[in-house]
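Beneath this line is the structure, given in structure tokens, with notes to follow.
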Amino acid sequence: MNVLVINAGSSSLKYQLLNVETHTLLAKGICERVGSDEAFHKHGLDENEVVIDAKMADHDEAMALVLESLTSGPTKAIDSLDEIDAVGHRIVQGGKYFPRSVVIDDDVVAKIDELAELAPLHNKAALMGIHACRKHMPGIPMVAVFDTSFFQTLSPRAYMYPLPYELYEKYGIRKYGAHGTSHRYISERAAAVLDEPLEDLKLITCHLGNGCSMSAIDHGIAVDTSMGLTPLDGLMMGTRCGAVDPAVVPFLMEHENLSTAEVNDLMNKKSGLLGISGISNDLRSVKDASEQGHERAQLAYDMYSYSVKKYIGQYIAVMGGVDAIVLTAGVGENCEKMRRMIFSGLQPLGIVLDEERNRLRGGERVISTDDSPVSILVVPTNEEYMIARDTFELVHQ
Ligand code: AMP
């Protein structure tokens, strides 16, 4: 069964076509800067990738281009749209309505729209993707997979904010988390690598990329996570500040004369590694600069690792221990220096990194010493596979 996985952002449309039964990636690509004069479309697998300047006024036109590239031209992956059996959509905010993935119908569309207040850019973009698919592939079964579903198991003491309770009732202000599909995937894979049932393990999962989040998964159930009402909370990220004293917000608005949109922009797009280093949101550039003695780059690097370390401590306390810590995404998978800094000094907690294994590259792997009471694993994430698998399972019911 072939599933087209769609991840629509406000000005982008990412896609993968996967055969779920054979675990084969048939095609992938992205339309970027949709709606602007600089729009372009990348399509194809690895060295066969082509980049095409293409006019796309909106997601509807982008989707038409994607379907054309999948079925025609030198990079075509299938002969006709009939070979696409279902579509899986990544949706950022599922709120309280969606503790699991669902088949999309009019009611689901209406709820995704209603929830857009909590994730304005993302949910509206996802809806554009859904509408475009409905138009170009009428009647095709579609499934919505939510970033927040995995964290619907959190208990109220973990997801509530100590604000007036009425605000929770009125607006649904609470922790929802994000990156849930990634945390779900790497927790399952970690159990497989350790050859133990997920239900027997206490895991701390760390998605460390440009966006960063961590979660505590106690016997297969997510009990806490670092992102909150929105993906701004928690760890320091590429351009996002993560958790800061909330009093900073009114202070900045008053002293810098900022509007709500401006302060939001500052915390989402100008903070994190970029804000502290003044160089880049990309950890590789920050690392290079810090090794050449750039003090603010060094500080940014230190702060990033320190913020991960603090959450490890929190989640060990929350679960009363940990069996394994799992790392994924650009930094977690690739940056040996950051991993060394995160785990330095944690030996008294039974967390012992193996220096040699930490240097090696590869796919799923254990990087702790054989006698480390807590295992440390690297697991490349694969959110698209999870979305395709959920889609397959729901459509086949
Ligand atoms: P992601 O959001 O998962 O694509 O991750 C992007 C982040 O991973 C960026 O900050 C990159 O600098 C970082 N990254 C990717 N490869 C490496 C590497 N080899 N060493 C350090 N950071 C890396």
Side-chain angles (χ1 to χ4, degrees), residues 5 7 9-12 14-16 28-30 32 42 46 49 90 92 121-122 147 177-186 189 205-215 226-227 230-242 268-292 294 296-308 326-344 353 355 357-365 367 376-387:
V5 174
N7 183 353
S10 50
S11 63
S12 67
K14 242 196 235 177
Y15 59 94
Q16 285 194 5
K28 67 172 186 171
I30 184 167
E32 289 203 63
K42 276 191 213 167
D46 302 327
E49 184 179 82
R90 176 195 177 209
V92 164
L121 295 179
H122 293 106
D147 271 16
H179 288 150
T181 312
S182 176
H183 289 277
R184 181 158 63 106
Y185 177 78
I186 64 169
R189 290 306 311 155
T205 49
C206 316
H207 181 112
L208 307 178
N210 199 28
C212 301
S213 63
M214 288 174 60
S215 56
S226 60
M227 283 179 166
T230 72
L232 180 58
D233 197 7
L235 298 153
M236 170 178 178
M237 311 183 209
T239 59
R240 284 172 260 174
C241 57
N268 273 290
K269 299 191 182 148
K270 299 177 185 157
S271 301
L273 288 174
L274 174 65
I276 294 294
S277 71
I279 290 181
S280 172
N281 64 311
D282 192 293
L283 192 81
R284 279 168 294 202
S285 311
V286 175
K287 176 168 160 276
D288 292 346
S290 75
E291 285 168 356
Q292 285 155 22
H294 191 289
R296 276 173 49 188
Q298 182 60 53
L299 174 63
Y301 207 84
D302 280 354
M303 287 171 69
Y304 189 103
S305 69
Y306 185 69
S307 101
V308 176
V326 196
L327 301 153
T328 196
V331 176
E333 289 170 34
N334 300 304
C335 190
E336 58 168 276
K337 181 173 176 185
M338 181 56 77
R339 292 193 297 250
R340 203 178 320 117
M341 287 177 67
I342 290 169
F343 294 111
S344 75
L353 186 73
E355 291 289 340
R357 288 177 182 167
N358 185 42
R359 269 192 286 275
L360 300 175
R361 303 206 144 250
E364 297 175 346
R365 57 204 190 270
I367 56 166
I376 309 170
L377 286 85
V378 173
V379 174
T381 195
N382 195 342
E383 288 157 283
E384 289 79 11
Y385 168 74
M386 261 341 229
I387 294 171

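The chain is numbered in sequence order, starting from 1. Every number for a ligand or one of its atoms is a count from 1 in the order of the listing.
Residues meeting the side chain to side chain contact (heavy atoms under 4.5 Å, CB included) test with K269, sequence neighbours left out: D265. For L299, the side chain to side chain contact (heavy atoms under 4.5 Å, CB included) partners at least two apart in sequence or on another chain are I276, M303.
One side chain, H183 or S213, offers a donor N or O that lies under 3.5 Å from an acceptor on the other.
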Identify every side-chain donor-acceptor pair in residues 285-292 under 3.5 Å, counting partners at least two apart or on other chains, and give the distances.
{"unit_1": "S290", "atom_1": "OG", "unit_2": "K287", "atom_2": "O", "d": "2.8"}
{"unit_1": "E291", "atom_1": "OE2", "unit_2": "K337", "atom_2": "NZ", "d": "3.1"}

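Note: E336 CD to E355 CD = 8.5 Å, rounded to the nearest 0.5 Å.
Across all non-hydrogen atoms, the minimal contact from M227 to C212 is CE-O, 3.3 Å.
Ligand 1 is surrounded by G209, N210, N281, D282, L283, R284, A329, G330, V331, N334, C335, R361, each with at least one heavy atom closer than 4.0 Å.
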